[in-house]
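Remarks on the structure that follows.
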Amino acid sequence: MVDLRQLRDDPERFRKGAEKKGFTVNIDEVLRCDDERRRLQAAIDRRRQDLGLKSARMKKAGDEERRKLQDELKNFSREIKIDEIKLRQKESDLEAGLLLIPNPPLEDVPVGKDESGNIEIRRWGEPPEFSFEPKDHVELGAAHDLFDIERGVKVAGTRSYYLKNEGAMLEDALMRYAMDFLVKRGYTPFVTPVIVREECMVGSGYFPVGTEEAYAIEKDGLYLIGTSEVALLSYHKDEILTEEELPKKYAASTTCFRREAGSYGKDTRGLYRVHQFQKIEQVVICRDDPDEMQKLHEELLRNAEEIVQGLGLPYRVVEVCTGEMGMGQIKKHDIECWMPGRGGFGETHSCSSFGDFQSRRSKLRFKGADGKNRFPFTLNNTAAASPRLLIAILETCQNPDGSVTVPDALVPYMNGKTRIG
RNA sequence: GGAGAGAUGGCUGAGUGGUCGAAAGCGGCGGUCUUGAAAACCGUUGUCCCUCCCGGGACCGGGGGUUCGAAUCCCUCUCUCUCCGCCA
């Protein structure tokens, strides 16, 4: 959620921000709503004061005065009540409008309307040159019985799959490896709920824009998370933290669920785009200091890069342009790992800074040194996601004989197994 | 699934129609004392909105109602808890 005061002071900034991101919003209407709300509020305040004073007199008034006052005040208070209902309506209109205004990207974010506007900022590792005809992960999976997509579809519909044998173990190994890495870096490990209340979806910024992307459990008014960021962020929802306990550095291991609505026909082969996957996610809550946020953004990015480097997977980091950003993000980098089967890079990680957007929505605050409550800044990044990373691993580490070498970092988590097939 | 209980400030918890933004305790902050700390004692300490200021207003889970006046009474929704049953 955007700061109403800032919106009033500089609506142009938010208009431009929304435009850069490709969102349509009616900021004038929100401001008009705010204006009417304040006018109503002021009028009500004045009359309430009046009513309060006269009511207080009632207690010690004589019979006659009392009767007179009662008649007068009866209507008076009815009118106030009517206005209060109008006010409440305005307030909820305003709130609804505010929820639709995207957070303007930082000034230095490249402007663009789709991924062609992203800027590659560095590469690590060399895409492998195969002396043989490399297989893609679907073929490798079939060869070693690592997963079963057909039966996944039979059981759960399109974009579903089973992992089995070393495929199942590899996912587990990857998750453990990534989590251990973060715990060593001082992150608090979590396993969180994957089913959350609507307010958590709103709080993290995925609702109301984006409801189509989440699975709903209508009967209970609950939703499946698309990322543990939602649950991790909501952990401190409605709380007031102390400045000393910041930054909070969290890591969660969960299943994630995405409907992938509107992506029909896209990435239909293999395990690249699926409805359910495993992920270790990093979330940080820090003071409302842009410099600190930037440092932590870099830390989150570095963590992910080192995790990928540890697997020996070539990748590149791209700075994501305005048009590819979500509602709340003000800065975003993706890590894309080399996937030989695609003959290109595929997104495996996404690192975002939100400023106070999410904390405002989640009513998450901290008490500053001056005793004032403030909204902290939040950030998050993937640490490892499967099966996307499995694709990169299988395809990159395949051998001429069709076997796959297990990355050294995962061997301990594979019970010492160094090779698949 | 059945039966109850409850929702009050950072926390615990009192408050059943006006003097209640709300007792008390804890916690926090400031001070006295102390070589320092602890203890003790004194003071202070909710959130939000409008306003240049002075000041005003709202908030006792949400919404509606009764009343001149509601934390307090009524309705409703949401949430939490306890017991029983069922089950992982």
Side-chain angles (χ1 to χ4, degrees), chain A residues 1-9 30-99 191 193-203 207-208 216-223 231 234-246 248 254-255 285 287-288 356 359-376:
Chain A
M1 172 129 48
V2 133
D3 182 7
L4 179 57
R5 225 172 289 232
Q6 286 177 22
L7 184 71
R8 281 206 290 256
D9 291 347
V30 173
L31 287 176
R32 197 173 324 124
C33 196
D34 172 49
D35 215 58
E36 287 169 31
R37 186 202 110 232
R38 277 187 295 166
R39 226 197 315 268
L40 258 173
Q41 176 76 260
I44 289 170
D45 283 359
R46 248 178 286 120
R47 294 204 280 170
R48 271 205 101 84
Q49 180 179 17
D50 200 20
L51 177 71
L53 292 171
K54 286 179 174 151
S55 280
R57 239 192 287 151
M58 182 72 75
K59 201 170 60 156
K60 45 189 162 193
D63 282 351
E64 192 179 335
E65 193 190 351
R66 181 182 300 241
R67 221 171 306 114
K68 247 175 67 188
L69 269 175
Q70 264 182 16
D71 283 347
E72 183 190 344
L73 293 185
K74 200 174 201 128
N75 285 324
F76 200 45
S77 89
R78 200 189 330 263
E79 284 165 27
I80 293 177
K81 214 150 266 180
I82 288 166
D83 274 358
E84 275 179 331
I85 287 167
K86 277 195 231 160
L87 175 66
R88 207 141 291 139
Q89 184 58 45
K90 276 279 170 272
E91 281 172 341
S92 77
D93 289 351
L94 177 64
E95 164 97 5
L98 276 177
L99 284 176
V191 173
V194 296
I195 306 173
V196 300
R197 295 183 202 281
E198 183 177 18
E199 60 210 65
C200 301
M201 299 300 280
V202 174
F207 280 13
I217 302 171
E218 277 176 50
K219 204 172 170 190
D220 302 292
L222 297 170
Y223 298 86
S234 302
Y235 186 67
H236 290 298
K237 182 178 150 33
D238 297 322
E239 294 183 18
I240 301 175
L241 304 173
T242 62
E243 184 158 358
E244 299 80 66
E245 61 186 314
L246 299 179
K248 294 279 193 192
T254 67
T255 307
I285 302 167
R287 293 183 302 133
D288 55 344
D356 61 9
S359 57
R360 259 176 213 290
R361 289 184 168 228
S362 300
K363 296 182 184 63
L364 160 57
R365 290 166 296 175
F366 75 98
K367 197 171 277 295
D370 56 359
K372 287 254 190 293
N373 292 329
R374 291 211 227 302
F375 293 104

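Heavy atoms only: backbone and side chains are in, while hydrogens, waters and symmetry mates are out. Lettering follows sequence order; numbering is per chain, from 1. Since we're looking at a predicted model, the values are computed, not measured.
For the pair Leu73(A) and Gln49(A), nearest-nucleotide mapping onto RNA chain B gives the more 5' position to Gln49(A). Across the interface with RNA chain B, nearest-nucleotide mapping of Arg197(A) and Ile240(A) shows Ile240(A) to be the residue nearer the 5′ end.
At rG56(B), none of the side-chain N or O atoms of Arg46(A) fall inside 4.0 Å of OP1 or OP2 (strictly under the cut-off).
Computed from coordinates, the Asp50(A) CG to rG69(B) P distance equals 13 Å when rounded to whole Å. The interatomic distance linking Glu91(A) (CD) with rG62(B) (C1') rounds to 13 Å, in whole Å. At whole-Å resolution of the value, CG in Leu40(A) and C1' in rA58(B) are 14 Å apart. Regarding Leu53(A), its CG atom lies at a distance of 12 Å from the C1' atom of rG69(B), rounded to whole Å.
No hydrogens or angles considered: a donor-acceptor pair under 3.5 Å links the side chains of Gln89(A) and Asp93(A).
Residue contacts shown for Lys367(A) are limited to sugar-phosphate atoms, with no base heavy atom under 4.0 Å away.
Taking every side-chain heavy atom of Arg88(A) into account, rG64(B) is the closest of rG69(B), rG64(B), rC79(B).
In this structure Pro193(A) satisfies the side-chain contact (heavy atoms from CB on, under 4.5 Å) test together with Ala231(A), sequence neighbours excluded.
Scanning residues 74-86 of chain A for heavy-atom distances under 4.0 Å to RNA chain B yields Lys74(A), Ser77(A), Lys81(A), Ile85(A).
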Under 4.0 Å protein heavy-atom contact, by nucleotide of nucleotides 48-54 of chain B - B base, S sugar-phosphate only: SSSS---
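Nucleotide rA40(B) has rU32(B) as its partner under the Watson-Crick or G-U criteria, with both atom distances under 3.5 Å. With a 3.5 Å ceiling on both atom-pair distances, rG85(B) lacks any Watson-Crick or G-U wobble partner.
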